[in-house]
Each structure stands twice: as C-alpha cells, then as structure tokens.
Amino acid sequence: MSVFTDTAFDDHERVLFCSDAKTGLQAIIAIHSTALGPAAGGCRMWNYASDAEALHDVLRLSQGMSYKNAMAGLHFGGGKAVIMKTSDFNGSDALFERFGNFVDTLNGDYITAEDVGMTVQIMQTIARTTKHVTGLPTAGGKAGGDPSPKTAFGIFCGIEAAARFKLDRHDVSGLSVAVQGVGHVGYHLCKLLVEAGASLKVADIDDARVQRICDEFGATGVAPDEILYQSVDVLAPCALGAILNRTTIPKLQTAIIAGGANNQLETLEDGQRLADAGILYAPDYVINGGGIINVACEYDGDIGDEGVTQLVAEIGPRLTGIFEEAARKGEPTNVIADAQARQIIAAAD
Ligand code: NAD
C-alpha cells in the first residue's frame with residue numbers, strides 16, 4: 001500500500017493513519033485541500049477488504065469533498081475519514097472517543113460528520129473528545145442533526161432539474177424512478193418522490209429496508225443485482241460508488257442518472273460513456289451537496305434550518321447550468337463540473 005502511488009492520490013495535503021490497539025480503532029483521515037477553508041467531510045464506517053482499499057476510498061472521497069464544497073459555494077475545503085470495521089471491531093464508545101482524539105489533533109483543519117455506517121448518536125460520542133464534529137442534534141430551528149434529509153432534498157431538486165432539461169417535464173409527477181440503496185438518503189428521497197407523484201422501484205441488500213419502503217410508499221422491490229438495469233426515467237444510486245462503469249453502462253435503461261451516492265463513476269471515462277449512451281448524468285458531488293451545506297451551516301451556526309433549505313434548493317439551477325454548458329460544448333457533465341470545481345479552488349489557492 002502506498003499513498004503517493006495510489007491512483008486516487010491527487011496531491012492531498014495530509015493523510016493521517018489512526019491506530020489504537022486498546023480500542024481496536026483503525027481509521028484514516030485524508031485532507032485533500034484547505035484552499036477554501038477547513039476540510040469538511042463525513043466519516044464512513046465500512047468493512048474494507050484491505051488497508052489499501054480503505055486508503056483508496058478515503059483519497060477518492062476527500063477529493064470529491066473538495067469539489068463538492070467548492071460547487072456548493074461553501075468556504076470549506078475537502079476531507080474525509082474512514083473507520084475500518086475489522087474482524088474484531090466492536091464499535092465501543094471508547095473507539096469513537098479515540099477517533100475524536102485523532103480528529104482533534106488536526107486542530108480544526110478537518111471537521112467530521114456522518115457518512116455511510118454512522119449515526120447521530122455516534123457523532124455525539126465523538127463530540128466528547130473533539131469540537132470539530134457536526135451532524136449533532138439541534139433544536140429551535142437551528143441547522144444540524146442528521147444531514148441525510150437535506151441531502152435527499154437536494155437530490156430531489158436535482159431530479160426535477162434533470163427532468164426539465166432532458167424530458168421537458170415541469171415536475172417529477174408520473175416519472176418512474178429506480179433507487180439503489182434505501183438507507184438514510186434513499187429513504188428520505190423515496191418519501192419526497194412519492195409525495196410528488198413519482199413511482200418507485202427500490203433495492204437494498206438489507207431486505208427489511210426494502211420492505212419498509214414498499215409498505216410506507218407503495219414502492220416495488222427489485223433484486224439488488226437488477227436495480228441498475230430497470231427501464232425507468234431516472235436511476236438514483238444511493239448506496240456505494242463505482243457502480244457506473246464499462247460493464248454496467250451498456251445495460252442501463254434510463255434517461256437520467258441522479259442520485260446521492262459518492263463517486264458513482266468508476267473512471268472519468270465513464271462520464272463520456274454515459275454521454276455517448278444519451279444518458280444525462282447529474283454529477284454526484286453537485287447533486288448530493290445538501291448534506292454538506294447543512295453541516296457547514298451547523299458548524300458556522302449563523303443560518304437556521306429554513307435558510308439551509310433555501311441554499312440546498314440552489315442545487316437545481318446549479319445543475320441546469322452544468323447541463324446547458326455540457327450541451328453547448330459537447331462534453332460530458334462530469335468534465336464540466338470538475339472544471340468548474342477546479343477553477344473555484346484554484347482561484348482561492
Ligand atoms: P446508509 O448506510 O444509510 O445507506 C446506504 C444503503 O445502501 C444501506 O441501506 C445499504 O444496505 C445499501 N447498500 C449497500 N450496498 C448495496 C448494494 N450493492 N445494493 C443495494 N443496496 C446497497 O448511507 P446514506 O447515508 O444513505 O448514504 C448513501 C450514499 O450517499 C453513500 O454513497 C454516501 O456516501 C452518499 N452521501 C450521503 C450523504 C448523507 O447525508 N448521508 C451525503 C452525501 C452523500
């Protein structure tokens with residue numbers, strides 16, 4: 001395993017390996033860029049096959065956060081953490097407190113929050129040992145708490161924008177949407193879509209989660225290995241990354257891809273593959289920026305929940321701008337978004 005030769009290494013400013021035998025903590029924190037401000041990004045807890053896989057993931061995810069924060073108009077740079085669920089992982093409070101100690105050694109250069117596998121309760125435990133943590137419960141209309149409802153709302157706004165652009169539709173009423181992964185983000189997205197009159201096909205490796213969506217929202221459950229290939233208007237990936245690649249793209253039967261998962265494209269070229277297939281792709285780090293906008297406002301403490309909703313709604317027009325520029329230049333949407341993000345970061349550097 002090598003940091004500098006990993007294909008996801010992009011001149012990251014800092015990578016911190018966190019190990020504590022007493023609690024069994026094994027984690028990696030990557031700070032990609034602090035050009036725009038402190039590096040903000042969630043912590044993912046996952047069962048990685050190897051250290052190398054965890055490193056690759058955190059390098060990719062932290063770069064994605066730099067781009068995401070830039071495109072969301074935030075004065076935050078990009079960072080991310082991963083906690084490895086090793087074979088003897090016990091998820092004790094002591095482990096999360098120890099993780100908080102490591103976050104604290106970075107003196108606010110990295111601010112953590114929820115990502116896959118984490119909960120508000122775990123964030124509260126981490127907050128015992130560092131103040132550089134968000135996603136904590138709040139009251140009285142303040143920004144904060146689980147960011148996934150705001151992430152879902154941003155994706156919903158993005159789906160509306162994509163449907164207007166690609167399908168000439170005023171709203172999502174009557175659209176068919178396939179949702180891969182109905183955890184925190186997927187659940188809230190399904191709720192918004194059904195309330196707006198869309199029909200749903202859903203899949204998750206956790207059957208109980210699928211059942212809940214079917215019971216509550218009248219969705220149709222689909223096998224996890226079939227969800228990507230449904231004939232639908234919109235495919236919303238809301239599980240893990242790299243699901244859009246040379247193997248899956250030729251089999252897709254959707255007009256639009258607009259979902260919350262980070263790093264949906266396995267490689268940059270997959271954006272071109274989607275464009276060649278006539279599929280409109282909403283760049284993941286633009287459409288799923290609602291959660292980090294919530295996190296940033298919670299950290300700053302100066303904007304309430306309603307103000308956050310207004311900021312998140314801007315994701316729709318932002319995506320429309322990317323779709324239009326991509327169409328004008330004949331380039332894939334991911335290339336346009338990357339160029340815009342890099343320009344914002346370079347201007348601040
Ligand atoms: P989560 O852990 O609550 O939900 C993920 C769901 O995906 C789980 O239910 C899991 O069982 C399911 N899943 C995993 N592999 C699957 C597979 N192969 N097929 C079908 N389902 C599968 O996580 P979340 O917070 O909902 O995040 C979902 C995605 O959105 C992640 O990629 C995350 O990085 C991204 N994201 C989340 C937020 C947020 O606010 N939580 C913000 C931005 C981006």
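Heads up: numbering here begins at 1 and tracks the sequence. As the structure lists them, so they are numbered: ligands from 1, and atoms in each ligand from 1.
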Next on the checklist: Give me the residue, atom name and distance of the protein heavy atom closest to atom 2 (O) of ligand 1.
Outcome noted: Val116 CG1, 3.5 Å
Checklist entry - For atom 41 (N) of ligand 1, which of Asp284, Val295, Val185 has the closest heavy atom? => result Val185
Checklist entry - Parallel, tilted or perpendicular: which fits the ring planes of Tyr299 and His132, with parallel below 30° and perpendicular above 60°? => result tilted
Next on the checklist: Could you tell me, atom by atom, which parts of ligand 1 come under 4.0 Å of a heavy atom of Ser148?
Outcome noted: 40 (O), 41 (N)
Item to check | Heteroatom proximity flag, Ala239 to ligand 1, N/O under 3.5 Å | outcome: yes
Checklist outcome for this item: Closest to atom 40 (O) of ligand 1 among protein heavy atoms sits Thr151 OG1, 2.7 Å
Checklist entry - Of all the heavy atoms in Arg44, does at least one lie under 4.0 Å from an atom in ligand 1? => result yes
Next on the checklist: Show every side chain to side chain donor-acceptor pair (under 3.5 Å) that has at least one partner inside residues 139-149, sequence neighbours left out.
Outcome noted: Asp146-Ser148
Checklist entry - N/O to N/O below 3.5 Å, does that happen between Asp115 and ligand 1? => result yes
Checklist entry - Shortest non-hydrogen contact from Val82 to Ala54? => result CG2-O, 3.9 Å
Checklist entry - Which atoms of ligand 1 sit under 4.0 Å from any heavy atom of Arg209? => result 8 (C), 9 (O)
Checklist entry - What protein heavy atom sits nearest atom 28 (C) of ligand 1, and how far away is it? => result Cys238 O, 3.3 Å
Item to check | Plane angle bin for Phe217 and Tyr187 - parallel if under 30°, tilted between 30 and 60°, otherwise perpendicular | outcome: tilted
Checklist entry - Counting each atom of ligand 1 from 1 as listed, which ones have a heavy atom of Gly181 under 4.0 Å away? => result 7 (O), 21 (N)
Next on the checklist: Lys80 versus ligand 1: do any nitrogen or oxygen atoms come within less than 3.5 Å of each other?
Outcome noted: no
Next on the checklist: Other members of the hydrophobic cluster containing Ile29, with the 4.5 Å side-chain heavy-atom rule, please.
Outcome noted: Leu16, Leu25, Ile31, Met45, Ile83, Phe89, Leu95, Phe96, Phe99, Phe102, Val103, Leu106, Tyr110, Met118, Ile122, Met123, Ile126, Val133, Leu136
Checklist entry - Between Asp276 and Gln272, does any side-chain donor sit less than 3.5 Å from a side-chain acceptor? => result yes
Checklist entry - Are any side-chain N or O atoms of Thr34 and backbone N or O atoms of Gly37, one a donor and one an acceptor, separated by less than 3.5 Å? => result no
Checklist entry - Should Arg273 and Glu269 be marked as a salt bridge (charged side-chain N to carboxylate O under 4.0 Å, His left out) after you check the CA-CA gap, both sets of side-chain angles, and the distance that decides it? => result CA-CA 6 Å; Arg273 286 192 182 95; Glu269 294 70 40; 5.5 Å; no
Checklist entry - Is the Phe323 ring parallel, tilted or perpendicular to the Phe165 ring (thresholds 30°, 60°)? => result tilted
Next on the checklist: Counting non-hydrogen protein atoms only, what is the nearest one to atom 17 (C) of ligand 1? Give residue, atom name and distance.
Outcome noted: Ile205 CG2, 3.7 Å
Next on the checklist: Within the structure, is a non-hydrogen atom of Lys68 found at a distance of less than 4.0 Å from ligand 1?
Outcome noted: yes
Checklist outcome for this item: In this structure, atom 35 (C) of ligand 1 is nearest to the protein heavy atom Gly260 O, 3.3 Å
Checklist entry - Any idea which protein heavy atom is nearest atom 4 (O) of ligand 1, and the distance to it? => result Gly183 CA, 3.3 Å
Item to check | Ion pair Arg246/Asp270, N-O distance below 4.0 Å | outcome: no
Checklist entry - N/O to N/O below 3.5 Å, does that happen between His184 and ligand 1? => result yes
Item to check | Backbone or side-chain N or O of Pro224 under 3.5 Å from ligand 1 N or O | outcome: no
Next on the checklist: Geometry only, no angles: is Asp204 polar-contacting ligand 1 at N/O separations under 3.5 Å?
Outcome noted: yes
Item to check | Donor-acceptor pair between Asn334 and Tyr281 side chains, under 3.5 angstrom | outcome: no
